[in-house]
Amino acid sequence: MPHTANTALIDDLVVANHILVNEGVLDGFGHISVRHDIDPGRFLIARSMAPGLVTAGDIVVCDLDGAVHDARGRRSYVERFIHSEIYRARADVMAVVHSHSPAVIPFGVTGARLRPICHMSGFLGASTPVFEIRHSAGESTDLLISNQALGRALADSLGTSNVALLRGHGNVVVGFSIQQVVFRAIYTENNARLQSEAMRLGEVNFLTPGEAQATSDMIDEHLDRPWQVWKKRALAQGF
């Protein structure tokens with residue numbers, strides 16, 4: 001690699017892994033990446049391992065073809081193509097999370113669409129797209145995004161949205177920073193849980209598109225506040 005990423009960026013990526021585990025978004029699976037701060041054609045991600053165990057020494061570099069560049073020859077996640085193809089398609093995206101956060105799963109397999117129910121989740125927009133892998137790879141896959149073609153199809157499904165669901169698999173969340181994508185990943189899970197509860201009570205009064213945009217813009221001005229709380233909480237748990 002011709003340039004070394006900023007140490008602070010790597011440290012934030014490590015902390016983000018731990019926060020997302022501590023907040024119930026990631027577990028032994030899932031991953032978060034950040035676009036390289038010097039070479040936008042590459043991104044940083046952990047080697048293939050449980051996110052709660054990630055340290056700075058576990059971070060590797062991948063290019064937009066999904067090739068891993070690591071002097072020690074270590075592998076990254078099979079689904080790194082989720083990240084590579086989204087970075088290729090979206091110059092505005094600086095960080096990506098793929099998780100299997102449980103409350104979100106039902107919205108990818110039913111007719112109910114994930115929509116913003118409160119002011120903390122306006123980033124979801126009018127509705128959240130669902131990626132159907134059967135349309136790209138037939139009915140006998142393991143549902144994993146394990147090559148460039150599937151990553152490209154997922155990026156197409158995401159389009160200009162901030163979140164996309166993967167039917168029977170999980171979700172992908174994008175943002176302009178590690179702090180923003182962590183916030184969005186956590187509140188995607190929170191919104192899904194609240195929406196499920198509200199739908200049991202009756203008709204849901206969702207945010208309008210205008211409210212969704214205004215609340216999202218407002219939250220973006222205060223991302224450091226929850227980040228510091230989540231970081232302290234993760235450190236207190238021994239991460």
Polar side-chain atom of [X] near backbone of [Y] as donor-acceptor pair, under 3.5 Å:
X	Y	result
R88	L64	yes
N191	I117	yes
Q180	F176	yes

Aromatic ring pairing H169/H98, orientation class (parallel under 30°, perpendicular over 60°, tilted between)
perpendicular

Crowded around R233 CZ? As in, over 12 foreign heavy atoms under 6.0 Å?
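Yes, enclosed.
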
Check the surroundings of atom CZ in R74: do more than 12 heavy atoms from other residues, nucleotides or ligands lie under 6.0 Å from it?
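Counting other residues, nucleotides and ligands, CZ of R74 exceeds 12 neighbours.
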
Of V182, I186, L158, V163, which meets side-chain contact (heavy atoms from CB on, under 4.5 Å) against V173?
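One option only clears the test, and that one is V163.
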
Spacing of [atom1] belonging to [X] relative to [atom2] belonging to [Y], to within rounding of 0.5 Å:
X	Y	atom1	atom2	value
Q237	E23	CD	CD	9.5 Å
S177	M94	OG	CE	10.0 Å
I145	S136	CD1	OG	8.0 Å
D12	K231	CG	NZ	6.5 Å
N22	F239	CG	CZ	5.0 Å
T188	R193	OG1	CZ	11.5 Å

Side chains of D58 and T55 only: does a donor on one sit below 3.5 Å from an acceptor on the other?
yes

Donor-acceptor pair between N171 and S101 side chains, under 3.5 angstrom:
yes

Side chain to side chain contact (heavy atoms under 4.5 Å, CB included) between R113 and T128, worked out:
CA-CA 7 Å; R113 289 291 173 257; T128 306; over 6 Å; no

Testing the basics here: between [X] and [Y], what is the closest heavy-atom pair and its distance to 0.1 Å?
X	Y	result
V15	W227	CG1-CZ2, 3.8 Å
F123	R184	CZ-O, 3.3 Å
A192	A103	CB-O, 3.4 Å

Carboxylate-amine/guanidinium proximity below 4.0 Å for R134 and E139
no

Determine, step by step, whether R90 and D92 satisfy the salt bridge (charged side-chain N to carboxylate O under 4.0 Å, His left out) criterion, reporting the C-alpha distance in whole Å, the side-chain angles of both residues, the deciding distance to 0.1 Å, and the verdict.
CA-CA 5 Å; R90 295 272 301 270; D92 61 308; 2.9 Å; yes

